[in-house]
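What follows is one structure encoded as structure tokens, with my remarks underneath.
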Amino acid sequence: MVPQLRAMRARGGGAIVNTASIAGVGGAAGAAAYSAAKHGVIGLTRTAAIEYARYGVRINSVSPGYIETPMTVGERSILTGNHLERALATVPARRLGHPEEIGQAVVWLCSDQASYVTGTNYIVDGGATAAAC
């Protein structure tokens with residue numbers, strides 16, 4: 001058991017939020033390793049949630065969609081050329097998300113307001129995965 005879980009168990013609870021991605025919910029062309037890793041994060045989250053719920057430890061993951069970061073815009077962007085336009089066309093909200101919006105989801109998952117939420121993968125993607133169904 002990792003020290004963080006040992007400490008949470010000893011004090012009677014806590015909350016962990018892992019970072020996954022919408023690539024872990026579906027797939028991501030040209031990014032097999034990334035997608036597989038994010039699927040793994042979601043699976044680990046669910047399994048750990050089952051194992052530690054009885055100790056009051058809530059474990060969830062958050063799956064961001066296209067978020068305005070250096071990974072999606074700017075010099076180091078993976079979305080070059082018209083890839084950003086094509087990506088945004090798959091998002092019903094028709095915009096990139098903001099890092100603060102992911103942070104707000106994480107804060108909520110860690111709060112007492114989410115005291116009965118564990119083992120979930122909270123998707124924050126402007127509707128992209130809903131539109132893909």
Side-chain angles (χ1 to χ4, degrees):
M1 180 184 322
V2 296
Q4 295 84 351
L5 281 169
R6 192 175 2 260
M8 287 181 185
R9 183 176 167 180
R11 72 171 223 226
I16 295 170
V17 180
N18 296 317
T19 304
S21 167
I22 60 171
V25 176
Y34 180 80
S35 183
K38 296 306 182 174
H39 274 80
V41 169
I42 294 167
L44 174 65
T45 297
R46 290 178 176 156
T47 300
I50 293 165
E51 293 175 357
Y52 289 92
R54 68 177 156 243
Y55 304 113
V57 179
R58 296 179 297 104
I59 305 172
N60 296 289
S61 59
V62 64
S63 283
Y66 295 108
I67 305 301
E68 189 174 332
T69 67
M71 187 175 167
T72 56
V73 295
E75 291 178 12
R76 301 181 335 202
S77 173
I78 60 171
L79 299 174
T80 58
N82 66 351
H83 289 92
L84 180 58
E85 289 175 26
R86 287 190 299 189
L88 287 177
T90 68
V91 179
R94 296 292 187 250
R95 68 174 179 85
L96 294 172
H98 301 288
E100 297 81 8
E101 292 170 305
I102 304 306
Q104 290 165 354
V106 171
V107 167
W108 182 78
L109 286 168
C110 290
S111 76
D112 289 340
Q113 293 175 327
S115 63
Y116 197 58
V117 179
T118 193
T120 65
N121 179 47
Y122 200 82
I123 299 170
V124 185
D125 70 351
T129 54
C133 295

Asn18: side-chain hydrogen bond (donor to acceptor under 3.5 Å, both in side chains) partners, not counting sequence neighbours: Thr45
Set of residues satisfying salt bridge (charged side-chain N to carboxylate O under 4.0 Å, His left out) with respect to Glu51, sequence neighbours excluded: none
For Thr90, side-chain hydrogen bond (donor to acceptor under 3.5 Å, both in side chains) partners two or more places apart: none
Contact summary for Gly119 and Asn60, nearest pair of heavy atoms: N-OD1, 3.1 Å
Connected hydrophobic set around Ile50, excluding itself, where side chains approach under 4.5 Å: none
Co-members of Ile42 in a cluster of I, L, V, M, F, W and Y side chains, linked at under 4.5 Å: Ile22, Val25, Ile123
Test item: Arg58 side-chain N/O and Gly13 main-chain N/O as donor-acceptor pair under 3.5 Å: no
Check: Ile59 main-chain N/O paired with Thr118 side-chain donor or acceptor under 3.5 Å: yes
Thr47 (side chain) donor-acceptor with Leu44 (main chain) under 3.5 angstrom: no
Where Thr72 and Leu96 come nearest, the two heavy atoms and their spacing: OG1-CD1, 4.4 Å
Listed partners of Tyr122 passing ring-ring contact (aromatic ring centres under 6.0 Å, His included), at least two apart: Trp108
Test side chain to side chain contact (heavy atoms under 4.5 Å, CB included) applied to Ile102 and Val107, Val17, Val124, the passing residue: Val124
Which residues share a salt bridge (charged side-chain N to carboxylate O under 4.0 Å, His left out) with Arg11, sequence neighbours left out: none
Using distance only, find each side-chain donor-acceptor pair of residues 61-70 under 3.5 Å and give its atom names and separation, not counting sequence neighbours.
from	atom 1	to	atom 2	distance (Å)
Ser61	OG	Asn121	OD1	2.7
Ser63	OG	Ser21	N	3.3
Ser63	OG	Ser21	O	3.2
Ser63	OG	Asn121	OD1	2.8
Ser63	OG	Asn121	ND2	3.0
Thr69	OG1	Met71	N	3.2

Val117 reachable from Ile16 in the ILVMFWY side-chain graph, under 4.5 Å edges: no
Partners passing side chain to side chain contact (heavy atoms under 4.5 Å, CB included) against Ala31 (at least two apart in sequence or in another chain): Ala28, Tyr34
side-chain hydrogen bond (donor to acceptor under 3.5 Å, both in side chains) partners of Arg94, counting only residues at least two apart: none
Non-neighbouring partners of Thr19 that pass side-chain hydrogen bond (donor to acceptor under 3.5 Å, both in side chains), sequence neighbours left out: none
Over all atoms of both residues, closest heavy-atom pair of Ser35 and Gly27: OG-CA, 3.7 Å
Hydrophobic cluster membership, Leu88 vs Val73, 4.5 Å side-chain cutoff: yes
Residue pairs involving residues 67-100 (criterion ring-ring contact (aromatic ring centres under 6.0 Å, His included); sequence neighbours excluded): none
